[in-house]
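Values in this document were obtained by computation on a predicted structure and should not be read as measured data.
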Amino acid sequence: MTTLDELRSAIDKTDQQIVALLAQRFIYTEAVGEYKAEHLLTAQDPNRETLQFRKIAEISEQYGLKPDYALDIYRKIMDIVISRHQELHYK
């Protein structure tokens with residue numbers, strides 16, 4: 001049987017991986033923001049967001065995660081990215 005400490009250790013390891021992947025994702029979104037600012041593109045792309053949310057929902061289902069959980073998390077991530085892209089536009 002797994003102990004509470006073992007479960008928490010597994011959560012900590014997973015959190016470390018999630019943060020590493022988020023850091024990598026934000027490197028890419030920063031580059032996108034710089035590109036958008038340089039080419040005078042809008043900070044937010046509703047069509048791209050719609051496609052991304054559909055993909056996230058599908059991926060969530062594949063992994064047995066309630067899509068609403070992932071969509072809530074990704075909405076927050078995208079809001080942060082959009083805010084950063086707006087900052088880059090007015091830099």
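Membership of the apolar cluster around Tyr69 extends to Leu65, as traced through chained side-chain contacts below 4.5 Å between ILVMFWY residues.
Contact record, Ile82 with Ala43: O-CB, 4.0 Å, taken as the closest heavy-atom pair. The two residues Phe26 and Ile80 make their nearest non-hydrogen contact at CE2-CG2, 3.8 Å.
Among residues two or more places apart in sequence or in another chain, the side-chain contact (heavy atoms from CB on, under 4.5 Å) test is passed with Leu41 by Tyr35, Lys36, His39.
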Please tabulate, one pair per line, all N/O donor-acceptor pairs under 3.5 Å involving side-chain atoms of residues 7-25, not counting sequence neighbours.
{"unit_1": "Thr14", "atom_1": "OG1", "unit_2": "Ala10", "atom_2": "O", "d": "2.9"}
{"unit_1": "Gln24", "atom_1": "NE2", "unit_2": "Tyr28", "atom_2": "OH", "d": "3.4"}

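Annotation: side chain to side chain donor-acceptor pair (under 3.5 Å) contacts involving residues 55-67, sequence neighbours excluded, comprise Gln52-Lys55. For residues 70-90, the pairs satisfying salt bridge (charged side-chain N to carboxylate O under 4.0 Å, His left out) are Glu30-Arg84, Glu49-Arg75, Arg75-Asp79, Arg84-Glu87, with sequence neighbours left out.
Under the 4.5 Å side-chain contact rule for hydrophobic residues, Ile56 and Met78 share a cluster.
Between the side chain of His85 and the backbone N or O of Thr29 there is at least one donor-acceptor pair closer than 3.5 Å.
When the shell of 6.0 Å around OH of Tyr74 is examined, it contains 12 or fewer heavy atoms from other residues, nucleotides or ligands.
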